[in-house]
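What follows is a single structure, written as structure tokens, with notes after it.
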Amino acid sequence: MEKIYITTAIPYLNGLPHAGHAMDYYLADVCSRYQKMLGNIVRFQAGTDEHGNKIYQKAKELNIPVKDYVDANAQKFKDFIKKLDVEYTDFVRTTDTEHEKKVQEIWLKLKDHIYLARYAGWYCTGCERYVTEKEYKENNGICPDHQKPYEKLEEENYYLRISDFKEQIREAILSKRMLILPEFREKEILKLLDESPDVSISRPKEQLTWGVPVPDDDSQVMYVWIDALANYITVLGFPEKDISDFWPAYAQFVGKDILRFHAIIWPAMLLALGLELPRTLVSHGMILSNGQKMSKSIGNVIDPIEVLDKHGTEAFRYFFLRHVDTFSDSDFTWEKFEDSYNNELANDLGNLVQRLATLCFKNNFELKDLPESELPKEYTELMDKFEFSRAFDFVWEKVQGINRKIDEDKPWSLAKEGKLTELNQVLSSEVMDLLEAAKLLSPFLPETAERIAQVFSGKIEPPKEPLFPKTK
RNA sequence: CGUGGGGUAGAGCAGCCUGGUAGCUCGUUUGGCUCAUAACCAAAAGGUCGUUGGUUCAAAUCCAACCCCCACAACCA
């Protein structure tokens, strides 16, 4: 029995939950349920990133206290996760006083690798950010969004000396001690690592008010990195507690857009703290809508709540875990969603449960005892490599195989001909196959797996309500 | 010359590393079955594997050049 720690990226609270967040949670949830099935103890973190100017401004716009704003939004994420039927064990908010306190302690521990430097650059007061020299030139010195000339500004920032750890990080990636998935992202990260400058980790107070104060320097506030990334270990109790029972993380799930921070800045922090690097960083793709990135201006945003309310959690999990590729971008359209629901969930699986249960019921068949079976190697190999959508495909082949087998066995003919021994034999093997498939299905569709197990234990009766009623 | 990924039947993808008669799912057409949610099973049709050139007895697969699409490019999952 092993102790397994799984993390998800903490969403920035300036918006509401959307389809993309669901990916993180689902992948982690499948991983978690699978690990539990193997008999391991799982700790599963989720949380929210609640500091920074954008949140501060958003609250101001809405004319409510910032704390109230983040409280309300954090609750929305908690509700969302619940609705997804995702089983996290720990929830961390970066505005928790415990977290803030720990982050300051962590900052002090990092001190040997932090230095103060002056930064000068072109700044747009509209965007509230510095632009690169290149961007400055491209826009001829005028911000295209605000039609205002950039100003030359200078400020002091603290920096984390990434260069102290580049070699170690490179070695960890190449040796796969910190495995980056999908593997083709490795190249990208190694390149970025090479070029990565030291990272700025604070802002002057006047510029950033909503954040964790830098210890020993009243004039500076922590910028996102240390504060947000540290959540993965503060939630375990670091630095007061020895976290070596669950750390290093078995897997950290992130979107491909933030992989770079998790593969460069985060390992640098960990190394500076004397902690081990995570075993695996799993980066997933983005959800597209009609082939395009979801965006409010295009108006193609898929509201996950709408999907959940329309077809329920299991159908949502089914689509996102099987038809959204684990590693690359995938398209969501209502048409694809409905098709997969009707043709696969309802026809393949739902109907299978119905027909087999009816066959058992009509012939008074009951399964005596279910032998413990090992998980198929093909399945565990895919699951261990985090190839979840492919593992799901494998399970589905089993489901379809049972439909085929029923057609070949023709239990209804055996019943008519009175071949009862043979009939019991084929029903028994078919039911066992289905229960086996349900077991493999349980990390993906826990509720459905449970319902199948119930239908076929003890006296078998066809469910009064089909598992997945058709929508058309 | 920013970095990375991709271009294979109507759609979505596998195959490419380790060359040797082009495969899966969905859709379409036809047939079968009747236990089942008009569900299930079988068969068929459908592709000059982005372009051009090279290596080879043989290339989707290796090499070169080019074209096109997408993502990322320090804070919009």
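Note on naming: letters A, B, ... go to the chains in the order of the sequence lines (proteins, then strands), and numbering restarts at 1 for each one.
- Side-chain rings of A/Phe319 and A/Phe332 approach one another, their centers coming within less than 6.0 Å.
- Screening residues 47-61 of chain A for salt bridge (charged side-chain N to carboxylate O under 4.0 Å, His left out) gives A/Glu50-A/Arg93 as the qualifying pairs, with residues at least two apart or on separate chains.
- A straight line from NZ of A/Lys54 to P of B/A74 spans 12 Å, rounded to a whole angstrom.
- In this structure, A/Asp348 reaches the sugar-phosphate backbone alone: every heavy-atom distance under 4.0 Å involves primed, P, OP1 or OP2 atoms, never a base.
- You'll find that the side chain of A/Leu359 is closest to B/C35, out of B/C40, B/A77, B/C35.
- Closest to the side chain of A/Lys362, out of B/C26, B/G4, B/C35, is B/C35.
- Only the C1' atoms considered, B/C62 is 8 Å distant from B/U55, to the nearest whole Å.
- Between A/Arg161 and A/Asp164 there is a salt bridge, since at least one side-chain N of the basic residue sits less than 4.0 Å from a carboxylate O of the acidic one.
- Comparing the C1' positions of B/G6 and B/A14 gives an interatomic distance of 14 Å, to the nearest angstrom.
- Across the C1' atoms, B/A9 and B/U25 are found 13 Å apart, a figure rounded to whole Å.
- The residue A/Ile287 sits close to a base: some heavy atom pair falls under 4.0 Å.
- The separation between A/Asn342 atom CG and B/A38 atom P is 12 Å, rounded to whole Å.
- Residues satisfying the side-chain hydrogen bond (donor to acceptor under 3.5 Å, both in side chains) criterion with A/Tyr69, sequence neighbours excluded, are A/Asn73.
- Taking atom CD on A/Glu338 and atom P on B/U37, their separation rounds to 21 Å, with Å as the unit.
- Atom CD1 in A/Ile189 sits about 18 Å away from atom P in B/A71, given to the nearest Å.
- Between A/His311 and A/Tyr341, the ring centre distance stays below 6.0 Å.
- Among the atoms of the strands shown, none is found under 4.0 Å from any heavy atom of A/Pro462.
- Side-chain nitrogen and oxygen atoms of A/Asn347 include none within less than 4.0 Å of the OP1 or OP2 phosphate oxygen of B/A36.
- Nearest-nucleotide mapping onto RNA chain B: of A/Leu345 and A/Lys191, the residue sitting toward the 5' end is A/Lys191.
- In this structure, A/Leu288 atom CG and B/C72 atom C1' are separated by 14 Å, rounded to whole Å.
- One finds no salt bridge joining A/Asp433 and A/Lys398 here, because no Lys/Arg side-chain nitrogen approaches an Asp/Glu carboxylate oxygen to under 4.0 Å.
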Write out a two-atom table: protein N or O, nucleotide N or O from nucleotides 5-14 of chain B, distance below 3.5 Å.
from: B/G5; atom 1: OP1; to: A/Lys187; atom 2: NZ; distance (Å): 3.2

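- Evaluation of the side-chain hydrogen bond (donor to acceptor under 3.5 Å, both in side chains) rule for A/Asn364 yields no partner, not counting sequence neighbours.
- Atom pair A/Phe468:CZ and B/C40:C1' shows a separation of 18 Å (rounding to whole Å applied).
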Distance-only donor-acceptor hits, side chain of residues 388-397 of chain A, under 3.5 Å, sequence neighbours excluded:
from: A/Ser389; atom 1: OG; to: A/Thr326; atom 2: N; distance (Å): 3.4
from: A/Ser389; atom 1: OG; to: A/Thr326; atom 2: OG1; distance (Å): 3.2
from: A/Asp393; atom 1: OD1; to: A/Arg322; atom 2: NE; distance (Å): 2.6
from: A/Asp393; atom 1: OD1; to: A/Arg322; atom 2: NH2; distance (Å): 3.2
from: A/Trp396; atom 1: NE1; to: A/Asp348; atom 2: OD2; distance (Å): 3.1

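- Pairs passing the salt bridge (charged side-chain N to carboxylate O under 4.0 Å, His left out) check and including a residue from residues 399-417 of chain A, sequence neighbours excluded, read A/Arg355-A/Asp407, A/Lys405-A/Asp409, A/Glu417-A/Lys419.
- Atom CD1 in A/Ile258 sits roughly 21 Å away from atom P in B/G4 (whole-Å rounding).
- Ion pair A/Lys256/A/Glu188 not flagged as a salt bridge, since none of the NZ, NE, NH1 or NH2 atoms sits closer than 4.0 Å to an Asp/Glu carboxylate oxygen.
- Side-chain atoms of A/Trp225 lie closest to B/A74 of the nucleotides B/A74, B/G4, B/C41.
- With both ends at atom P, the span from B/A60 to B/G53 equals 14 Å, rounded to whole Å.
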**Message:** I need a per-nucleotide contact map over nucleotides 29-34 of chain B, read 5' to 3'. Cutoff is protein heavy atoms under 4.0 Å; write B for the base, S for backbone only, - otherwise.
**Reply:** ---BSS

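- Across all strands shown, A/Leu192 has no heavy atoms under 4.0 Å from either base or sugar-phosphate atoms.
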**Message:** Does A/Asp194 form a salt bridge (Lys or Arg N to Asp or Glu O under 4.0 Å) with A/Lys166? I'd like the steps, not just the answer.
**Reply:** CA-CA 7 Å; A/Asp194 267 351; A/Lys166 280 190 181 180; over 6 Å; no

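- Residues satisfying the side-chain hydrogen bond (donor to acceptor under 3.5 Å, both in side chains) criterion with A/Arg451, sequence neighbours excluded, are absent altogether.
- With C1' as the reference atom, B/C68 and B/A45 are 30 Å apart, rounded to whole Å.
- One C1' atom belongs to B/A42, the other to B/U34, and the distance between them is 15 Å to the nearest Å.
- Across the protein-nucleic acid pair, A/Asn364 atom CG and B/C35 atom C1' stand 15 Å apart, rounded to whole Å.
- A/Ala415 pairs by the side-chain contact (heavy atoms from CB on, under 4.5 Å) definition with A/Asn363, A/Leu423, not counting sequence neighbours.
- You'll find that the side chain of A/Val199 is closest to B/A74, out of B/U3, B/C40, B/A74.
- For A/Tyr26 and A/Phe444, the gap between ring centers reaches or exceeds 6.0 Å.
- Between the side chain of A/Asn351 and the base of B/A39, no donor-acceptor pair under 3.5 Å is found.
- Of the two residues near RNA chain B, A/Asp257 and A/Asn403, the one whose nearest nucleotide lies more 5' is A/Asn403.
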**Dot-bracket line, read 5' to 3' along RNA chain B, where crossing pairs take [ ] and | marks a partner on another strand, Watson-Crick or G-U under 3.5 Å** = .(((((((.[[[[.)....(..]]]].(((((.......))))).....[[[[[..)....]]]]])))))).....

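- For RNA chain B, the residues of residues 6-28 of chain A within the heavy-atom distance limit of 4.0 Å (strictly under) are A/His18, A/Gly20, A/His21, sorted by number.
- The separation of B/G20 from B/G15, taken at their C1' atoms, amounts to 14 Å, rounded to a whole angstrom.
- For A/Glu436, the side-chain hydrogen bond (donor to acceptor under 3.5 Å, both in side chains) partners two or more places apart in sequence, or in a different chain, are A/Ser373.
- Comparing the C1' positions of B/A58 and B/A39 gives an interatomic distance of 47 Å, to the nearest angstrom.
- Between A/His323 and A/Phe337, the distance from one ring center to the other does not fall under 6.0 angstrom.
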